[in-house]
Amino acid sequence: MSLRLFNTLTGQKETFVPLEPGRVRYYVCGVTVYDLCHLGHARTYVTFDVVLRHLRASGFDVTYVRNFTDVDDKIINRANKDGVHALEVSKRYIDEFYTDMDALGILRATIEPKVSGTMPEIIALIEKLVAGKNAYVVERDVYFAVDTFPGYLKLSKRNVEDLEAGARVDVDERKKNPMDFALWKSAKPGEPSWDSPWGKGRPGWHIECSAMAFRHLGESLDIHAGGRDLIFPHHENEIAQSEAASHVPFAKYWMHSGMLNIDDTKMSKSLGNFFTIREVLKDVDAEAMRMFFLTAHYRSQVSFDLAYHCPKCGALVTRQIAESLRHDACAFTKEEARRAVKFVGIDEAEKRLFYVYRTLMKCDALAASMPASEGPVLKPELLAKASSEFTEAMDDDFNTAAALSSTSALLSFANELCDKPPKPRDQSVRTAARIAAELRRGGAILGLFQGDPVKRVADRRVRLIAAKKIDTAAVDALLEERKSARTEKRFADADAVRAKLAALGVDVKDTPSGSVWDVKED
RNA sequence: GGCUCGGUACCCAAGUGGUAAGGGAGCGCUCUGCAAAAGCGUCAUUCAGCGGUUCGAAUCCGCUCCGAGCCUCCA
């Protein structure tokens, strides 16, 4: 089996054949650093992080370039608003970007260029386009002439008439065609600017990516990726300016990730219906968020569902009620209402994630109970099937949802095995070790299951105790009370104590070595 | 208005011509003094609707209904 991926350019799944055997030139459009990242960014970068990991696991030597757009109108606006220099704004949000991406386990790119560090290349590229008559200078601005590039709109599969019918294109008399876009914009007073043959100014939005890709990867890339919303105009314009200058195909494969919706509408800054990554991570596990994204195919649109609860009585309420800050006799603050919002999909993913970690914990314990030994394992066919299904799913256009489901049989078998290891014991021990290794192998490609299970489970417990405000001293006291009731065989009393503990959100588990407790799952 | 994509069980979701993966919830069972965890079983004669093509359709074609995205800055 070989890797197949969906190419936006051709509209179909194709076998992946890199331009140079064994090597992949991979470019992903990065963020404009003027604000904190939201969940939509998280989904996109998790998606392309998995693509990177799978390419590498498949044996490719990947050069991964992901840029930072640090010269842009929105950054300038932000700088003016905050009364600081534009570069301070971008520096700050690059740091914030790393904080969020690191939390989500997203790997650093091989090269992470910035627009501000690529000016000579950008200017040279624009000069080349002007010299080749694909671009023209008007006063101190430079525009790309879309009519000079026959392949224009081949990626988004539109035609100029359709776009013009939209009638939302800026009417600028100075452009030869309304679709022409700026390569260089002359500086307005107070803006950061760079010297150029056309005077002080800065690059237009699209040219930077072409210049950065050319500089670090050459004129032809294997894969160019980004969010679906970049297909037009951003990627379309990148193709036009790059290919007009180089006369070779800019990227062989174009990959686009689906949008993240909230309440059935795309999450976006302009609509204001967004959650920043970090505000959601206050309430949920980062790895669970990552897993949530991977339970759906990367090209499909994912809905981020919210469940609204009354902060006072806990009842499930409608969004309208939650926003009205009043539910029957309960009244609450906006902050309380926000804290009571449940992220349905992530909560579900978190349950599954910790089922995996508990399973790994049991496998590790069994594996460590005896020195490692050589020999056959139990159900080798189950292991082999899970492994090949996982790889096949990933090879089929990065079908992470199917890959994840291929681990199910392995997980239930692991639990069965660890709970009652069949004899001979050394065979069970080897099998547990093999299953754990296989789960971790697949997990590494998804960027999941790499934590220390004991630590992850313990940390989650601490987090849930804090979130549910469980009084551990009270729990311990009740546990003592129950212990004496049990030793005296006063089971009715013991059960009454169990009920009290349940009311506190605590589950008690009686083991041969005594009673332990955990936070009750919702 | 134009162009795309989608509608699969109570919920999430894979599957794009060979007879409906997986997960969550629910229910039943095993284990347990009770419980939890874990395991097992059960849970869509059917894939928005209606026609058509085919030996065979969730998958292909046509129409209808519904939802979303893009056409302006967006991941």
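Every chain is numbered from 1 and lettered A, B, ... according to where its sequence line falls, protein lines coming before strand lines.
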- [ ] Taking salt bridge (charged side-chain N to carboxylate O under 4.0 Å, His left out) as the test, write out the residues that go with A:Arg460, two or more places apart.
- [x] A:Glu350, A:Glu521

TODO: May I ask you to say what A:Leu260 touches in the nucleic acid, namely base, sugar-phosphate or nothing, with a heavy-atom cut-off under 4.0 Å?
DONE: base

Task: Whether A:Phe68 and A:Phe97 hold their rings parallel, tilted or perpendicular, with breakpoints at 30° and 60° - done: perpendicular

TODO: Look at all strands and tell whether A:Lys269 reaches a base, only sugar-phosphate, or nothing, counting heavy atoms closer than 4.0 Å.
DONE: nothing

Open item on the list: If the condition is side chain to side chain contact (heavy atoms under 4.5 Å, CB included), which residues does A:Tyr355 pass it with, not counting sequence neighbours?
Closed with: A:Arg352, A:Arg358, A:Thr359, A:Leu411, A:Ser412, A:Asn415

Task: Which residues share a ring-ring contact (aromatic ring centres under 6.0 Å, His included) with A:Tyr34, sequence neighbours left out - done: none

Task: Set of residues satisfying ring-ring contact (aromatic ring centres under 6.0 Å, His included) with respect to A:His206, sequence neighbours excluded - done: A:Phe181, A:His234

Open item on the list: Need one value for A:Gly345: base, sugar-phosphate or nothing, where a base atom within 4.0 Å counts as base even if backbone is also close, heavy atoms only.
Closed with: nothing

Give each protein N/O atom lying under 3.5 Å from an N/O atom of nucleotides 22-26 of chain B, with the pair distance.
| residue | atom | partner | partner atom | Å |
| --- | --- | --- | --- | --- |
| B:G22 | O3' | A:Ser408 | OG | 3.1 |
| B:G22 | O2' | A:Ser408 | OG | 3.0 |
| B:G23 | O3' | A:Arg352 | NH1 | 3.3 |
| B:G23 | N2 | A:Glu348 | OE2 | 3.0 |

Open item on the list: Roughly how many Å apart are B:A36 and B:C31, using the P atom of each and rounding to a whole number?
Closed with: 15 Å

TODO: Over 60° means perpendicular and under 30° means parallel, so classify the ring planes of A:Trp254 and A:Phe250, tilted if in between.
DONE: tilted

Task: A:Phe449: ring-ring contact (aromatic ring centres under 6.0 Å, His included) partners, not counting sequence neighbours - done: none

Open item on the list: Restricting to side chain to side chain contact (heavy atoms under 4.5 Å, CB included), what partner residues turn up for A:Asp507, sequence neighbours left out?
Closed with: A:Lys520

Task: Along RNA chain B (nearest heavy atom to each residue), the more 5'-positioned of A:Ser257 and A:Thr265 - done: A:Thr265

Task: Within 45° cone of A:Phe48 ring axis and under 6.0 Å: A:Arg66 NZ or CZ - done: no

Open item on the list: Categorize A:Phe48 for me: base, sugar-phosphate, or nothing, with a 4.0 angstrom heavy-atom threshold over every strand shown.
Closed with: nothing

Open item on the list: Reading 5' to 3' and counting Watson-Crick or G-U wobble pairs with both distances under 3.5 Å, write the dot-bracket notation for RNA chain B, | for bases paired outside the strand.
Closed with: ((((((((.[[[..)..(...]]].(((((.......))))).....[[[[[..)....]]]]])))))))....

Open item on the list: Need one value for A:Lys489: base, sugar-phosphate or nothing, where a base atom within 4.0 Å counts as base even if backbone is also close, heavy atoms only.
Closed with: nothing

For nucleotides 28-36 of chain B, print each protein N/O atom paired with a nucleotide N/O atom at under 3.5 Å, atom names and distance only.
| residue | atom | partner | partner atom | Å |
| --- | --- | --- | --- | --- |
| B:G33 | O6 | A:Arg482 | NH2 | 3.0 |
| B:G33 | O6 | A:Arg486 | NE | 2.9 |
| B:G33 | N1 | A:Asp495 | OD1 | 3.0 |
| B:G33 | N2 | A:Phe491 | O | 3.2 |
| B:G33 | N2 | A:Asp495 | OD1 | 2.8 |
| B:G33 | N2 | A:Asp495 | OD2 | 2.5 |
| B:C34 | O2 | A:Asp495 | OD1 | 3.2 |
| B:C34 | O2 | A:Arg498 | NE | 2.9 |
| B:C34 | N3 | A:Arg498 | NH2 | 2.9 |
| B:C34 | N3 | A:Asp510 | OD2 | 3.4 |
| B:C34 | N4 | A:Asp510 | OD2 | 2.3 |
| B:A35 | O2' | A:Arg498 | NH1 | 3.4 |
| B:A35 | N1 | A:Asp510 | N | 2.9 |
| B:A35 | N3 | A:Arg498 | NH2 | 3.1 |
| B:A35 | N3 | A:Val508 | O | 3.1 |

TODO: Quickly, which of A:Asn399, A:Asp397, A:Thr47 forms a side-chain hydrogen bond (donor to acceptor under 3.5 Å, both in side chains) with A:Tyr298? Name it, please.
DONE: A:Asp397

Task: Quiz item: cation-pi between A:Arg108 and A:Tyr64, 6.0 Å / 45° - done: no

TODO: Determine the interatomic distance between P on B:A57 and the same-named atom on B:G17; round to the nearest Å.
DONE: 14 Å

Open item on the list: Please enumerate all residues that pass side chain to side chain contact (heavy atoms under 4.5 Å, CB included) together with A:Asp364, with sequence neighbours excluded.
Closed with: A:Ala436, A:Arg440, A:Pro453

Open item on the list: For A:Ala182, give me all partners under side chain to side chain contact (heavy atoms under 4.5 Å, CB included), at least two apart in sequence or on another chain.
Closed with: A:Tyr143, A:Lys185

Please list, for nucleotides 15-19 of chain B, all pairs of protein and nucleotide N/O atoms separated by less than 3.5 Å.
| residue | atom | partner | partner atom | Å |
| --- | --- | --- | --- | --- |
| B:G15 | OP1 | A:Asn399 | ND2 | 2.9 |

